[in-house]
Amino acid sequence: MQKLKEFTKYCMIACVGGILDLALFILLHTYTDIHIQVVNLISMFTGVTTNFILNYHYNFKAHSKFLKRYFSFLTIGTVGFIIVALLVLVFVQTMAWNAIIVKIGATMFATVIQYLLNRYISFRRYRV
């Protein structure tokens with residue numbers, strides 16, 4: 001039951017970071033000439049950093065190794081970024097699908113993978 005509660009909080013926090021990520025993605029993609037993958041990187045980094053801070057304090061209630069956990073979380077966020085970037089490459093740049101819809105779907109898929117990795121690596125309970 002604890003893991004389900006934790007996963008639910010993780011998803012709620014992911015929504016906050018995801019909304020920030022998506023809003024920044026839409027703004028930069030719509031109103032700038034920045035390459036779509038650079039836009040994706042900027043928006044992802046902002047969302048991941050927000051998610052880490054919220055998870056650190058409110059979900060996993062960590063009290064130690066802030067920078068070490070952040071680096072781990074950011075590394076796992078990079079895995080998520082690669083997943084999303086590949087899906088954007090395939091479905092937006094190759095198949096001309098709607099960028100915003102692909103970004104949303106790819107981010108949802110990556111979130112599940114990132115939760116599992118962060119739960120057992122970045123915020124492992126007995127890692128002091």
Side-chain angles (χ1 to χ4, degrees):
M1 191 64 165
Q2 176 64 22
K3 288 182 184 177
L4 178 59
K5 184 178 176 182
E6 194 174 81
F7 179 69
T8 301
K9 282 184 184 179
Y10 187 90
C11 287
M12 290 169 53
I13 289 170
C15 285
V16 171
I19 289 168
L20 181 61
D21 177 353
L22 184 61
L24 193 53
F25 180 86
I26 291 169
L27 286 172
L28 293 175
H29 178 65
T30 304
Y31 298 109
T32 72
D33 290 329
I34 301 171
H35 190 276
I36 192 168
Q37 294 294 7
V38 175
V39 166
N40 193 33
L41 179 64
I42 293 167
S43 68
M44 181 280 308
F45 181 79
T46 304
V48 166
T49 299
T50 301
N51 285 349
F52 171 75
I53 292 168
L54 294 173
N55 272 298
Y56 183 87
H57 290 293
Y58 300 111
N59 191 17
F60 296 105
K61 295 177 177 64
H63 301 290
S64 65
K65 300 188 177 189
F66 183 87
L67 290 177
K68 185 174 183 179
R69 291 178 193 273
Y70 177 66
F71 179 72
S72 176
F73 198 91
L74 191 57
T75 301
I76 290 167
T78 301
V79 171
F81 170 76
I82 291 168
I83 291 168
V84 173
L86 289 172
L87 293 172
V88 166
L89 175 67
V90 169
F91 292 108
V92 176
Q93 294 179 266
T94 305
M95 300 175 72
W97 288 18
N98 181 284
I100 295 166
I101 291 172
V102 171
K103 173 72 172 176
I104 292 169
T107 300
M108 291 171 65
F109 176 71
T111 296
V112 174
I113 293 167
Q114 288 173 293
Y115 166 74
L116 294 170
L117 292 172
N118 280 313
R119 168 70 179 91
Y120 294 105
I121 297 172
S122 301
F123 291 106
R124 189 167 55 208
R125 289 279 181 219
Y126 300 105
R127 185 178 183 182
V128 182

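- Expressed to the nearest 0.5 Å, how far SG of Cys15 lies from CG of Asn51 amounts to 9.5 Å.
- Taking the side chain as every heavy atom from C-beta outward, Arg119 and Arg124 never approach each other to under 4.5 Å.
- For residues 31-60, no residue pair satisfies the salt bridge (Lys or Arg N to Asp or Glu O under 4.0 Å) rule, not counting sequence neighbours.
- Remark: side-chain polar atoms of Thr50 are paired, donor with acceptor, to backbone N or O of Thr46 under 3.5 angstrom.
- Paired with Phe123 under the rule ring-ring contact (aromatic ring centres under 6.0 Å, His included), one option of Tyr115, Phe60, Tyr70 passes, and it is Phe60.
- Residues Leu54 and Asn59 have side chains not in contact (no heavy-atom distance under 4.5 Å, counting atoms from C-beta outward).
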Using the rule given for side-chain contact (heavy atoms from CB on, under 4.5 Å), can you reason through Leu22 versus Ile104, listing the C-alpha separation, both sets of side-chain angles and the distance that settles it, and then say yes or no? CA-CA 8 Å; Leu22 184 61; Ile104 292 169; 3.7 Å; yes
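- In terms of the side chain to side chain contact (heavy atoms under 4.5 Å, CB included) criterion, residue partners of Thr78 (sequence neighbours excluded) are, by chain and number, Ile82.
- A ring-centre distance under 6.0 Å is not found for Phe71 and Phe52.
- Just one residue in the list Ile26, Val88, Leu28 forms a side-chain contact (heavy atoms from CB on, under 4.5 Å) with Val39, and that residue is Leu28.
- Remark: Val112 pairs with no residue by the side chain to side chain contact (heavy atoms under 4.5 Å, CB included) rule, at least two apart or across chains.
- The two atoms that bring Gly77 and Gln114 nearest to each other are CA-NE2, 3.1 Å, heavy atoms only.
- Considering all non-hydrogen atoms of both residues, Val92 and Ala99 come closest at CG2-CA, 3.6 Å.
- In this structure a side-chain-to-backbone donor-acceptor pair under 3.5 Å is missing from His57 to Asn55.
- Annotation: Tyr58, atom OH; neighbour count of heavy atoms from other residues, nucleotides and ligands within 6.0 Å does not exceed 12.
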Mind running side-chain contact (heavy atoms from CB on, under 4.5 Å) on Ser122 and Ile76 for me, showing each step along the way? CA-CA 8 Å; Ser122 301; Ile76 290 167; 3.6 Å; yes
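- Using a 4.5 Å heavy-atom threshold, the side chains of Leu89 and Gln37 count as touching.
- Clustering of Ile, Leu, Val, Met, Phe, Trp and Tyr side chains at separations under 4.5 Å leaves Ile19 isolated, with no partner residue.
- In this structure the side chain of Arg69 reaches within 4.5 angstrom of the side chain of Ser64, judged on heavy atoms.
- Residues Tyr10 and Asn118 have side chains that bring a donor and an acceptor to within less than 3.5 angstrom of each other.
- Side-chain contact check for Met44 versus Val84: every heavy-atom pair is 4.5 Å or farther apart.
- Residues meeting the side chain to side chain contact (heavy atoms under 4.5 Å, CB included) test with Asn98, sequence neighbours left out: Ile100, Ile101.
- Contacts of Ser43 classified as side chain to side chain contact (heavy atoms under 4.5 Å, CB included), with partners at least two apart in sequence or in another chain: Asp21, Leu24, Phe25, Asn40, Lys103.
- The hydrophobic clustering, which links ILVMFWY residues whose side-chain heavy atoms are closer than 4.5 Å, places Tyr31 and Ile34 apart.
- Atom NZ of Lys9 is separated from atom CG of Leu4 by 12.0 Å, given to the nearest 0.5 angstrom.
- Both Val48 and Leu67 belong to a single network of hydrophobic side chains, linked directly or stepwise wherever heavy atoms of I, L, V, M, F, W or Y lie under 4.5 Å apart.
- Separating the NE2 atom in His29 from the CD1 atom in Ile36 is a distance of 4.5 Å, to the nearest 0.5 Å.
- From Leu74, atom CG reaches atom OG1 of Thr49 across 6.0 Å, with rounding to the nearest 0.5 Å.
- Under the 4.5 Å side-chain heavy-atom criterion for ILVMFWY residues, no single connected hydrophobic cluster contains both Val16 and Phe45.
- Met108 and Met12 are not part of a single hydrophobic cluster, where members link through side-chain heavy atoms under 4.5 Å apart.
- Grouping the Ile, Leu, Val, Met, Phe, Trp and Tyr side chains by contacts below 4.5 angstrom, directly or via other members, places Phe73 with Ile53.
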